[in-house]
Amino acid sequence: MHDATAVLHVGWMPRAVSALLRAGADVTCAVTPADAPAAEAAGAATVVVPRPSDVEGVLAGLARDGRTLTDYDVICSVLEFCLVPAAVLRELAGRSPGAAQRALAMRDKHVQKRLVRDAGVATAASEVLPSLAAVDPGAITFPAVLKPLDGGGARHTYVLTDEKSARAYLELAAAGGDGPWLMEEYIDGVEFQVDGFVRDGEIRVLSVCRYLQNLIDVHEGGIVAHVALPPAEYPKLYSDVRSVAEASFKGLGHHDGPFHLEVFQERTTGRIVFGECAARVGGGRTDDVVELSFGVDLRDEWARLTLGRPSRLTGPAEHTAEGAYGGMNLPAPAGEVLAVPTLDQVLARPGVVRAQVEVEPGDVMPDVTAASHLRAGLAVVHGGDDREVAERMRDLAAWFAGKVEVAQPVTE
Ligand SMILES: Nc1ncnc2c1ncn2[C@@H]1O[C@H](COP(=O)(O)OP(=O)(O)O)[C@@H](O)[C@H]1O
Ligand SMILES: [Mg+2]
């Protein structure tokens with residue numbers, strides 16, 4: 001009988017775990033009790049833990065069940081907050097020396113920028129601030145960006161333009177957490193999301209998506225959406241981004257795996273500047289956008305790599321889509337939801353090819369301007385070219401948000 005590879009996946013990530021199961025792996029997920037039923041229904045065994053990102057909790061969960069790390073051939077995760085814990089556990093199991101440091105280089109915003117800068121790639125100057133109390137607003141070089149070191153989704157990330165805004169935001173930021181914080185040079189440019197897969201140090205899949213608005217604009221009600229640009233129409237952009245990605249990955253030691261990279265194109269020089277990079281598949285429906293545009297299933301590629309199998313790709317993935325695709329958040333006003341469009345209504349809007357509605361009457365919609373991952377749903381939109389996709393996305397966002405009825409709309 002064929003012995004399946006025993007995999008410990010740290011955390012619950014439906015699409016990644018199903019890719020492992022499709023590949024025939026015997027998967028155990030270290031998950032919270034709330035996620036355990038879904039993981040088991042998908043066909044995975046579970047070890048219940050209070051927080052999968054906590055190494056102690058995972059070790060204790062395994063020990064309670066009479067298991068050890070060495071029961072597993074592979075220990076992995078594709079969840080942002082479980083990447084380093086999974087790497088630590090891999091090293092602890094006596095595999096992949098250096099895995100934790102490599103994972104950290106793909107997580108810590110300051111360490112990452114330093115490595116990338118040392119590799120000769122342009123990126124914002126950054127300084128760690130252990131406490132905001134010690135910051136003198138008069139000594140800041142404006143404009144600057146203030147962000148929490150452990151942040152995500154642009155939450156509590158602010159552009160400081162002058163002493164007055166610095167004072168206001170320092171106060172706001174202090175309410176958002178205890179730090180440490182990062183103060184960065186402000187990059188004036190258009191932001192892109194770059195997704196793909198690197199194997200044996202070679203970029204096999206490269207998808208460059210323009211954000212409709214830079215993500216930080218979410219705080220001003222900006223739409224969170226990205227459109228995949230066809231390489232044939234943007235050859236210079238693709239080649240510049242590829243150079244930055246290649247040099248960055250060398251500096252970061254990221255030779256194998258998925259990547260989700262953010263870059264800016266400087267307004268004045270056109271130069272590509274590194275923003276940040278994660279060793280995972282991008283959020284939202286990034287996987288669908290890459291699959292529809294380039295015909296590659298990033299989760300499947302990740303599962304193959306994780307299980308030590310060869311890639312399905314024999315050469316660089318080509319953009320095979322007719323027209324262009326993009327992925328977006330469906331926004332909604334904050335408050336208790338009374339009515340929301342149905343999935344069929346969303347799918348009937350121009351260009352919508354895939355969608356999910358994630359709220360229902362009775363749910364409380366958070367204020368989506370707080371962070372870029374807050375949303376009422378997701379949609380993948382098609383159009384004749386990237387401009388038509390962007391237009392359809394703006395229309396869809398306005399239509400959807402206008403159709404959601406909430407009690408006591410929350411205003412600033
Ligand atoms: N140095 C910078 N210059 C200009 N904009 C920035 C800078 N750093 C971050 N931003 C904006 O803030 C957003 C969030 O910051 P980021 O570093 O990507 O952290 P996270 O995504 O973890 O919240 C970015 O997507 C970008 O729009
Ligand atoms: Mg980011």
Side-chain angles (χ1 to χ4, degrees), residues 53 79-84 103-117 121-129 140-161 165-166 169 172-173 176-177 179-195 208-227 241 244-245 248 252 258-269 271-284 286 327-329 368-375:
S53 59
L79 282 161
E80 179 75 19
F81 296 108
C82 297
L83 288 167
V84 173
L104 203 63
M106 301 303 286
R107 276 280 303 139
D108 185 90
K109 294 181 194 299
H110 188 67
V111 170
Q112 176 163 84
K113 284 207 166 65
R114 190 168 60 204
L115 288 167
V116 162
R117 207 177 292 120
V121 175
T123 190
S126 65
E127 184 193 354
V128 178
L129 306 174
I140 299 171
T141 308
F142 297 108
V145 176
L146 181 67
K147 60 176 84 164
L149 253 175
D150 64 347
R155 196 187 277 278
H156 301 300
T157 299
Y158 310 103
V159 180
L160 314 181
T161 47
S165 77
Y169 281 133
L172 255 183
W181 298 84
L182 208 55
M183 185 82 87
E184 291 187 2
E185 168 195 10
Y186 175 76
I187 305 298
D188 181 19
V190 178
E191 192 174 15
F192 297 84
Q193 142 174 349
V194 184
D195 297 279
V208 180
C209 291
R210 186 172 44 229
Y211 285 121
L212 259 62
Q213 286 162 275
N214 288 11
L215 285 184
I216 200 164
D217 295 342
V218 70
H219 302 312
E220 272 76 54
I223 300 173
V224 177
H226 55 93
V227 188
V241 168
V244 163
S248 306
L252 295 167
F259 59 85
H260 172 62
L261 165 68
E262 286 171 342
V263 299
F264 300 92
Q265 184 172 38
E266 260 184 345
R267 221 172 292 278
T268 48
T269 62
R271 179 173 73 145
I272 301 298
V273 178
F274 177 95
E276 65 169 355
C277 187
R280 59 172 170 84
V281 176
T286 294
M328 67 183 289
N329 284 3
V368 295
T369 67
S372 62
H373 54 265
L374 300 174
R375 64 201 188 204

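Order of listing sets the numbers, starting from 1, for every ligand and every atom in it.
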Per residue E262, nearest N, O or S atom to the Mg ion (ligand 2) is named OE1
Below 30° counts as parallel, above 60° as perpendicular, anything between as tilted: where do the rings of Y158 and Y169 land? parallel
For ligand 1, is any non-hydrogen atom under 4.0 Å from A154's backbone (N, CA, C, O), its side chain (CB onward), both, or neither? both
Ignoring hydrogens, just give me the one of R107, E80, Q213, K109 whose non-hydrogen atom is nearest atom 20 (P) of ligand 1. K109
Measure the spacing between CD of Q193 and OG1 of T286 and express it to the nearest 0.5 Å. 4.0 Å
For F264 and ligand 1, answer yes if some heavy atom of the residue is under 4.0 Å from a ligand atom, otherwise no. yes
Subset of ligand 1 atoms that lie under 4.0 Å from at least one heavy atom of I187: 2 (C), 3 (N), 4 (C)
With a heavy-atom distance limit of 4.0 Å, tell me whether L215 approaches ligand 1 through its side chain, its backbone, both, or neither. both
What are the atoms of ligand 1, with element, lying closer than 4.0 Å to any heavy atom of K147? 8 (N), 9 (C), 15 (O), 16 (P), 17 (O)
In ligand 1, the atoms that come under 4.0 Å of a heavy atom of E184 are 1 (N), 2 (C), 7 (C), 8 (N)
May I ask you to identify, for V145, whether its side chain, its backbone, both or neither come under 4.0 Å of ligand 1 on a heavy-atom basis? side chain
When rounded to the nearest 0.5 angstrom, what is the spacing between NE2 in H226 and CD in E191? 12.0 Å
Separation between CG of L252 and NZ of K113, rounded to the nearest 0.5 Å: 11.0 Å
Where ligand 1 meets G153 - atom numbers and elements under 4.0 angstrom, heavy-atom basis: 20 (P), 21 (O), 23 (O)
Trace of the side-chain contact (heavy atoms from CB on, under 4.5 Å) decision for Q112 with T123: CA-CA 10 Å; Q112 176 163 84; T123 190; over 6 Å; no
Please determine if T157 has a nitrogen or oxygen closer than 3.5 Å to a nitrogen or oxygen of ligand 1. no
Report the C-alpha distance between L261 and F274 in whole Å, list the side-chain angles of each, state the deciding distance to 0.1 Å, and finish with yes or no for side-chain contact (heavy atoms from CB on, under 4.5 Å). CA-CA 8 Å; L261 165 68; F274 177 95; 3.5 Å; yes
Evaluate side-chain contact (heavy atoms from CB on, under 4.5 Å) for V128 paired with L182, printing each intermediate quantity in order. CA-CA 5 Å; V128 178; L182 208 55; 3.8 Å; yes
When rounded to the nearest 0.5 angstrom, what distance separates SG in C277 from CG in D195? 9.0 Å
I'd like to know if R107 and E80 make a salt bridge, using a cut-off of under 4.0 Å between side-chain N and carboxylate O. yes
Option passing side chain to side chain contact (heavy atoms under 4.5 Å, CB included) with S126 (candidates E185, R114, R117, M183): R117
Would N329 and V368 count as a side-chain contact (heavy atoms from CB on, under 4.5 Å) if you check the C-alpha gap in whole Å, the side-chain angles of each, and the deciding distance to 0.1 Å? CA-CA 10 Å; N329 284 3; V368 295; over 6 Å; no
Does the residue G151 have a heavy-atom contact with ligand 1, meaning some pair of atoms that are separated by less than 4.0 Å? yes
Per-atom contacts, ligand 1 versus E262 - under 4.0 Å to a heavy atom: 18 (O), 25 (O)
If you consider just the N/O/S atoms, which atom of E276 is the closest one to the Mg ion (ligand 2)? OE2
Within ligand 1, which atoms have a heavy atom of I216 less than 4.0 Å away? 11 (C), 12 (O), 27 (O)
Are the charged groups of K109 and E184 less than 4.0 angstrom apart, N to O? no
Just which atoms of ligand 1 are under 4.0 Å from any heavy atom in A124? 1 (N)
Using a 4.0 Å cut-off to any heavy atom of Y186, which atoms of ligand 1 qualify? 3 (N), 4 (C)
Which residue owns the protein heavy atom closest to atom 27 (O) of ligand 1, what's the atom, and how far is it? E191 OE1, 2.7 Å
Shortest protein heavy-atom distance from atom 16 (P) of ligand 1, along with the residue and atom involved: E276 OE2, 3.5 Å
